[in-house]
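Have a look at the structure below, then the notes.
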Amino acid sequence: MINRKKFLKIGSLGISGLLVPAAFSFAKTRTDLDSAASENLGARQQNLKFGIIADLHYDLMHDGERRAQLFIDAMNHEQPDFIISLGDFCVPKSANKKLMAIWAQFKGKKHYVLGNHDTDGGFTKQQALAFWDATSPYYSFDDKGFHFVVLDGNEKDPENKIEGYPRTIGKEQLGWLKQDLQQTKLRTIIFCHQGLDNTMGGLENGMQVRYLLEQINKEAGFNKVILVLTGHHHLNYHNEINGIHYVQINSSSYYWAGETFESKAFDAAFYKDHGILKRTLVYQDPIWATVSIGKKDITIQGTETVMAGIPLDQTGIDVYKDVYPITSKVDSRKLMY
């Protein structure tokens with residue numbers, strides 16, 4: 001039986017106390033330090049909003065153009081400061097210029113995270129980036145007093161062979177990340193395709209990267225890195241680990257149910273043309289989120305839909321097969337930092 005990887009390829013990364021006179025001695029708590037940092041950063045920070053969409057899988061979806069158009073129409077209405085794709089967007093083939101024409105209807109800034117399927121069919125990272133009019137697989141930028149980092153979680157670890165697609169952040173990129181974070185004084189948001197907090201096919205050295213982020217915060221004396229946004233898993237969850245928020249943005253298109261799953265959401269003629277979707281739970285409409293960052297809080301405005309063709313509870317699938325429950329939504333959340 002052809003597996004998902006082959007089919008997709010065919011189809012197309014200690015604080016010391018302050019010394020004061022004994023009569024006034026006290027220990028600075030983390031809360032004190034965070035408050036002081038917030039006051040210092042407040043003058044530079046402005047309310048910022050961006051639109052985020054994950055795992056469109058344009059090359060697989062029967063209605064990829066409709067899904068992309070609905071997202072772009074919503075973003076043109078909302079007018080965020082920028083939009084970003086969290087990966088598994090499209091391969092760089094000429095037929096996908098239709099998607100890029102839709103994306104170009106948003107006149108604001110656009111950013112892209114490389115996903116593992118964006119180079120299916122033998123394409124290279126550089127070809128994918130050039131097709132999207134992007135320049136580097138990993139980079140950083142500032143916007144309205146915040147710092148943003150785009151990571152490439154698709155690197156190979158020469159010392160650790162894993163099954164499936166590469167899903168590591170290598171030593172060179174880790175060194176760059178450490179230097180980049182040490183140099184900025186701004187609150188920071190990280191984007192990566194694979195989850196840093198998910199051990200089921202997530203970033204292979206996710207714990208190593210999380211520890212680096214935690215050490216950066218410790219060195220800074222305040223929570224410099226406040227949020228990590230990921231895709232890849234087609235799930236919907238939030239974890240707070242040692243003061244950093246990790247939010248999984250669900251796929252805009254479907255949940256991968258497995259190579260033995262037989263969906264009955266569509267008829268035989270549909271699956272004849274879109275065979276891979278028989279192994280999925282297709283979302284009826286696309287889902288995405290907008291993220292607003294204030295001086296002390298993060299507001300995620302999610303969207304939701306239903307499963308196409310058949311209700312989730314009638315699919316016969318174990319909704320907890322990947323631990324976090326299967327769902328066709330991105331939750332709205334209010335997070336503090």
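All values derive from a computational prediction rather than experimental measurement.
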Does K97 NZ have over 12 foreign heavy atoms under 6.0 Å away?
no
Is there a donor-acceptor contact under 3.5 Å linking the side chains of D180 and Y139?
no
Could you measure the distance from the OG1 atom of T184 to the CZ atom of F148? Nearest 0.5 Å is fine.
10.5 Å
For K278, does the NZ atom have more than 12 heavy-atom neighbours from other residues, nucleotides or ligands under 6.0 Å away?
yes
Starting at CD of E219, measure out to CD of Q182 and round the result to the nearest 0.5 Å.
5.0 Å
Which atom names give the shortest non-hydrogen contact between P80 and G51, and what distance separates them?
CB-N, 3.8 Å
Tell me which one of Y58, F71, Y112 satisfies ring pair (Phe, Tyr, Trp, His ring centres under 6.0 Å) with F89.
Y112
Please report whether the ring centroid of Y254 lies less than 6.0 Å from that of H234.
yes
Within-4.5 Å side-chain heavy-atom neighbours: F146 and I293
yes
In terms of side-chain geometry, is the basic nitrogen of D285 or R66 positioned less than 4.0 Å from the acidic oxygen of its partner?
yes
For G302 versus S332, what's the shortest heavy-atom pair and its separation?
N-OG, 2.9 Å
Just say parallel, tilted or perpendicular for the rings of Y324 and Y237, cut-offs at 30° and 60°.
parallel
D118 and W132, any side-chain heavy atoms less than 4.5 Å apart:
yes
Tracing side-chain links under 4.5 Å among I, L, V, M, F, W and Y, which residues wind up in one group with V323?
M200
Is there side-chain contact between D297 and L335, with at least one heavy-atom pair below 4.5 Å?
no
Is any side-chain heavy atom of F191 closer than 4.5 Å to one of F50?
yes
Can you tell me if H193 and N116 form a side-chain donor-acceptor pair at under 3.5 Å?
yes
Heavy atoms of R67 and P286 approach each other most closely as NH1-N, 3.6 Å
Closest heavy-atom contact between V149 and S140?
CG2-CB, 4.1 Å
Can you see whether H57 engages H117 through a side-chain donor-acceptor pair at a distance of less than 3.5 angstrom?
no
Side chains of Q194 and N154, donor plus acceptor under 3.5 Å
yes
Heavy-atom side-chain contact between S328 and E304 under 4.5 Å
no
Are the side chains of Q126 and P137 in touch, meaning some heavy atoms are under 4.5 Å apart?
yes
Using 30° and 60° as the class limits, which term best fits the ring planes of H62 and F270: parallel, tilted or perpendicular?
perpendicular
Could you tell me whether E259 and R279 have a side-chain N and a carboxylate O separated by less than 4.0 Å?
no
State, to 0.1 Å, how close V91 and D120 come at their nearest heavy-atom pair, and which atoms those are.
CG1-O, 3.6 Å
Salt-bridge contact K109-D81 (side-chain N to carboxylate O under 4.0 Å)
no
Under the side-chain contact (heavy atoms from CB on, under 4.5 Å) test against L56, which residue among S252, S251, S85 passes?
S252
Do the side chains of K171 and E159 get close enough for a salt bridge, i.e. N-O under 4.0 angstrom?
yes
Any side-chain heavy atom of H111 within less than 4.5 Å of one from F141?
yes
Paired with Y255, the side-chain hydrogen bond (donor to acceptor under 3.5 Å, both in side chains) test is passed by just one of T327, D322, T280, namely D322
Identify the heavy atoms of A68 and L99 that sit nearest to each other, and give their distance.
CB-CD1, 3.5 Å
Atom CD of residue position E172 - does it have more than 12 heavy atoms of other residues, nucleotides or ligands inside 6.0 Å?
no
Have T168 and N205 got a donor and an acceptor in their side chains that come within less than 3.5 Å?
no
If you count every heavy atom of other residues, nucleotides or ligands that lies below 6.0 Å from D142 atom CG, does the total exceed 12?
yes
Which residues pass the side chain to side chain contact (heavy atoms under 4.5 Å, CB included) test with T303, sequence neighbours left out?
I287, W288
Do we see a donor-acceptor contact under 3.5 Å between the side chains of D197 and N239?
yes
Under a plain distance cut-off of 3.5 Å, with no hydrogens placed, do T230 and Q248 share a side-chain donor-acceptor pair?
yes
Heavy-atom side-chain contact between W103 and Q69 under 4.5 Å:
no
